[in-house]
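Since this is a predicted model, take the numbers as computed values, not measurements. Order of the sequence lines fixes the chain letters, A, B, ..., with proteins taken first and strands second; residue numbering starts at 1 for each chain.
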Number of protein chains: 4
Amino acid sequence: MTHHSSCEHSIIVRVTKPSTRAERRKAELRQDIIDTAFVCFAEKGYHATGIADIASILGIGHGTFYRYFSNKRDIIDHVIDDLAGRIVEALGTENAPDAATSLDDYRAQLDRIGVALDHILVEDRRVAQLLLFHATGIDDELTARLYGLLDMADALTAGYLSHGVELGYLRADLDTTNTAKAVTGMLIAGIVHGMRSPDTTAVNGLNEAIRRLLIDGVRKD
Amino acid sequence: MTHHSSCEHSIIVRVTKPSTRAERRKAELRQDIIDTAFVCFAEKGYHATGIADIASILGIGHGTFYRYFSNKRDIIDHVIDDLAGRIVEALGTENAPDAATSLDDYRAQLDRIGVALDHILVEDRRVAQLLLFHATGIDDELTARLYGLLDMADALTAGYLSHGVELGYLRADLDTTNTAKAVTGMLIAGIVHGMRSPDTTAVNGLNEAIRRLLIDGVRKD
Amino acid sequence: MTHHSSCEHSIIVRVTKPSTRAERRKAELRQDIIDTAFVCFAEKGYHATGIADIASILGIGHGTFYRYFSNKRDIIDHVIDDLAGRIVEALGTENAPDAATSLDDYRAQLDRIGVALDHILVEDRRVAQLLLFHATGIDDELTARLYGLLDMADALTAGYLSHGVELGYLRADLDTTNTAKAVTGMLIAGIVHGMRSPDTTAVNGLNEAIRRLLIDGVRKD
Amino acid sequence: MTHHSSCEHSIIVRVTKPSTRAERRKAELRQDIIDTAFVCFAEKGYHATGIADIASILGIGHGTFYRYFSNKRDIIDHVIDDLAGRIVEALGTENAPDAATSLDDYRAQLDRIGVALDHILVEDRRVAQLLLFHATGIDDELTARLYGLLDMADALTAGYLSHGVELGYLRADLDTTNTAKAVTGMLIAGIVHGMRSPDTTAVNGLNEAIRRLLIDGVRKD
DNA sequence: CATGAATGAGGGTTCATTCAT
DNA sequence: AATGAATGAACCCTCATTCAT
């Protein structure tokens with residue numbers, strides 16, 4: 001992904017920006033390493049992936065790896081950062097928590113967010129696989145980083161909820177912070193089940209149940 | 001085997017535990033190994049834990065480990081099994097999904113379950129730490145086992161919901177299966193946050209939010 | 001196995017031969033261990049055979065082994081000794097090197113020896129397998145013992161040859177000692193080929209070739 | 001052995017060996033490992049030799065070993081192959097089975113072969129020690145390989161015999177195949193005795209006895 | 001700058017041997 | 001006397017990391 005296809009309108013550029021070119025190549029390889037590491041970590045797990053695996057997939061010497069990253073431990077940080085960036089970017093446009101002005105708008109927004117999450121987390125199962133299965137428990141520091149991502153998601157959700165409360169289409173006594181945590185939990189449950197069975201109807205059923213539960217609860221009337 | 005069998009007021013005892021002393025000691029050590037492995041895996045992670053670590057904590061030679069378990073891989077299975085047993089047992093008494101006959105009963109039951117889960121999962125943070133962080137991604141087979149635990153939780157929750165629908169205090173059109181998955185997700189979110197900050201009031205706030213969301217949703221009226 | 005369940009027609013026997021009986025049992029088990037060790041060593045090799053293997057085949061605790069033999073190294077000595085005894089015994093009756101009084105007698109004697117060797121070495125391939133494959137290279141001391149067996153065979157053969165020279169049906173200038181070594185080499189070659197392919201006609205062909213070569217050489221006339 | 005011998009008169013050499021210096025060094029180390037493993041296996045035996053032993057003799061880290069050979073099991077294959085190559089090479093020049101045209105030529109040829117075998121097998125006792133003592137019984141596959149070497153020797157000898165029969169200086173009714181096996185047995189006996197006592201006159205006596213037995217047999221006239 | 005050869009700490013596992021029961 | 005639980009030395013092998021080329 002994101003190979004940026006190394007644009008070779010070479011000659012002219014080379015004259016004007018000689019060093020930049022090398023730098024660009026470095027940055028490209030750096031990104032390639034991150035991408036490949038992501039794939040390996042997600043598919044085989046952090047511990048089962050060797051530096052040599054990553055290097056040989058890229059066709060580079062494994063010593064080269066250490067020119068771009070100082071550690072095996074180092075790169076997973078960058079993989080996670082990269083991932084976080086991608087997720088934020090994917091949510092980007094419609095993440096404005098003040099976009100919805102009615103309960104119906106809200107429902108629609110939830111749908112859009114669901115679709116966006118599906119896109120990065122379920123469609124490419126590897127993202128969730130890495131975040132939920134293989135990045136856990138490596139390190140206290142990395143765990144803290146994952147918690148940070150969770151907090152981000154919680155905060156985002158809380159923003160939506162607060163907005164709904166302000167606009168009056170959500171309960172006034174809503175504990176937005178804690179409810180947001182609960183909602184995030186449901187979303188992650190959806191992602192996990194989506195990972196297991198990529199069956200669309202099953203996923204849709206769960207998504208619908210989540211939306212319904214979120215808005216109406218389970219109570220009878 | 002069955003040495004001496006040291007005739008003790010035989011009949012009654014023999015029914016419950018016909019084991020000799022040696023056998024009992026073996027079983028005890030076996031359980032001690034499981035317990036210690038649980039602690040190590042939960043605190044340091046599966047990969048960071050060596051057989052020698054477990055053995056030296058117990059004060060036994062590391063060769064002894066292999067008299068009780070055939071593998072490093074072998075023992076985590078038993079640790080997980082042991083854990084699953086403990087969880088089931090802890091839920092045991094109040095897990096009857098037909099105990100509640102009204103919405104208020106239901107609320108009370110939710111509280112009790114929450115308390116029980118808290119007891120094993122939050123109070124001893126290591127249980128959740130192992131299940132959610134360190135047991136993931138070791139192995140496809142183990143992952144399947146974890147999914148099995150999740151399914152169990154989902155099924156249990158679905159049972160409660162179905163019962164509520166039957167008795168009429170829950171929505172008749174409730175998609176119990178999928179809703180159960182969402183609910184389990186919320187519960188796990190609660191566990192995760194409980195792990196992070198063992199602050200009782202924070203935990204209680206989240207628990208309350210979950211209950212409220214579950215029953216009433218977020219909608220205004 | 002062989003627990004004999006301690007048959008207690010005790011009193012009488014115990015009075016007359018109290019120690020002898022126990023001693024006999026000990027000797028029996030001792031021999032059983034040797035026999036089983038022989039089978040294991042021959043079939044799996046010395047290094048691949050564990051003390052526990054031998055013990056479990058016999059149905060005894062592997063600690064018991066050490067009451068009869070001080071070492072793993074110790075027992076192979078006894079296995080080899082036992083084997084040497086069996087071989088000597090098998091050759092026993094017709095091994096008188098002065099039995100033959102003519103070249104025809106000699107031929108017949110060679111046949112008989114061949115049959116006897118076949119019986120212990122080829123028919124039970126394990127004997128040769130142990131001696132030629134699995135007992136070699138364990139130890140300098142054991143190697144010396146094997147060389148001793150070889151010397152014995154050489155000496156035996158040399159005896160036959162000397163007798164033939166004395167009686168005048170073998171060349172007067174025969175270097176009996178060295179020729180005996182060569183002959184033993186041929187015999188062992190026969191045993192090795194017999195081990196590989198237990199095909200009778202093939203073995204007979206080789207045996208015939210050996211006899212012919214021995215007596216007439218390869219020269220034309 | 002064969003160290004350095006570094007780049008001489010490049011151009012011509014480059015044709016035969018286009019290898020870079022690094023490649024040559026790799027090949028050299030590889031061969032050094034084989035040679036050292038040969039020495040260790042021959043002197044201490046396969047099981048008593050640790051990878052660390054080989055590595056420390058060479059002054060390399062034991063991890064380096066695994067860059068050149070995948071297994072402990074792997075290297076003995078290469079040691080044996082190397083040995084087989086050396087033996088074939090040593091026999092190479094005079095192994096033409098059609099070189100002899102008379103019985104006297106044949107005798108001379110036998111002498112030359114004996115000398116060649118002596119050179120590699122007796123002079124360096126370790127070759128025979130490895131092949132006959134330490135390489136046996138490691139593995140069914142390796143045993144098969146050793147049998148292959150034996151077959152090779154048998155076939156070679158059979159070639160000589162057939163040639164002699166064709167030229168008419170050996171018995172027309174000679175069973176060349178089986179006789180060859182017997183002859184190989186004698187040769188190996190000679191090697192074994194040469195290993196034990198490197199006394200030249202003793203070895204010569206045995207060699208002479210073998211030649212005499214081979215050609216004339218033991219019969220009186 | 002890229003490479004990959006070299007390294008050795010570290011870990012899992014086996015098994016001969018001992019000894020309390 | 002028999003047992004088998006316990007032991008730990010020993011060994012094979014992996015792989016992250018370094019550094020000379």
What contact category does [X] fall into here, base, sugar-phosphate, or nothing, at under 4.0 angstrom with non-hydrogen atoms?
| X | answer |
| --- | --- |
| D:Thr49 | sugar-phosphate |
| D:Gly50 | sugar-phosphate |
| B:Phe65 | nothing |

For atom [atom1] of [X] and atom [atom2] of [N], their distance in whole Å:
| X | N | atom1 | atom2 | value |
| --- | --- | --- | --- | --- |
| B:Arg30 | F:dA5 | CZ | C1' | 15 Å |
| A:Asp74 | F:dA16 | CG | P | 14 Å |
| D:Glu23 | F:dT21 | CD | P | 17 Å |
| C:Ile75 | E:dA16 | CD1 | C1' | 13 Å |
| C:Ile76 | E:dA16 | CD1 | C1' | 15 Å |
| D:Leu58 | E:dT7 | CG | P | 10 Å |
| B:Lys26 | E:dA20 | NZ | P | 19 Å |
| D:Tyr66 | E:dG8 | OH | C1' | 13 Å |

### Task
Could you tell me whether the side chain of C:Thr143 and the main chain of C:Asp139 form a donor-acceptor pair under 3.5 Å?
yes
### Query
When you measure from the side chain of C:Arg30 to the backbone N and O of C:Tyr68, does any donor-acceptor pair fall under 3.5 Å?
yes
### Query
Nearest nucleotide by nearest heavy atom, which residue falls closer to the 5' end of DNA chain E, C:Ala52 or B:Ala52?
B:Ala52
#### Entry: C:Arg73 vs D:Leu29, nearer the 5' end of DNA chain E by closest nucleotide
D:Leu29
Output the single nucleotide from [options] whose closest atom is nearest the side chain of [X].
| X | options | answer |
| --- | --- | --- |
| D:Lys72 | F:dC13, F:dT17, F:dA5 | F:dC13 |
| A:Arg67 | E:dA2, E:dT17, E:dT14 | E:dA2 |
| D:Thr64 | F:dA6, E:dT3, E:dT7 | E:dT7 |
| B:Ile51 | F:dA16, E:dA2, E:dG12 | E:dG12 |

### Query
Considering Watson-Crick and G-U wobble pairs with both distances under 3.5 Å, what does F:dA2 pair with?
E:dT21
### Message
Side-chain N or O of C:Tyr68 versus OP1/OP2 of F:dA2: is the shortest distance under 4.0 Å?
### Response
yes
### Query
Taking only side-chain nitrogens and oxygens of B:Asn71, does any of them come within less than 4.0 Å of OP1 or OP2 of E:dG12?
no
### Query
Cationic tip of C:Lys72 within the cone over C:Phe65's six-membered ring, i.e. under 6.0 Å and within 45° of the normal?
no
### Task
Check whether any side-chain heavy atom of D:Ile80 lies under 4.5 Å from a side-chain heavy atom of D:Ile76, and answer yes or no.
yes
### Query
Given that D:Ser70 and D:Asp53 both sit by DNA chain F, which one's nearest nucleotide is further toward the 5' end?
D:Asp53
#### Entry: First of A:Ala48 and B:Ala22 reached from the 5' end of DNA chain F, by closest nucleotide
B:Ala22
### Message
Evaluate A:Asp53 against A:Thr49 for side-chain hydrogen bond (donor to acceptor under 3.5 Å, both in side chains), listing each step before the verdict.
### Response
CA-CA 6 Å; A:Asp53 294 331; A:Thr49 298; 5.3 Å; no
### Message
For D:Arg25, I'd like to know if atom CZ has over 12 heavy atoms of other residues, nucleotides or ligands within 6.0 Å.
### Response
no
### Query
Could a donor-acceptor pair under 3.5 angstrom be found where the side chain of B:His62 meets the base of E:dT13?
yes
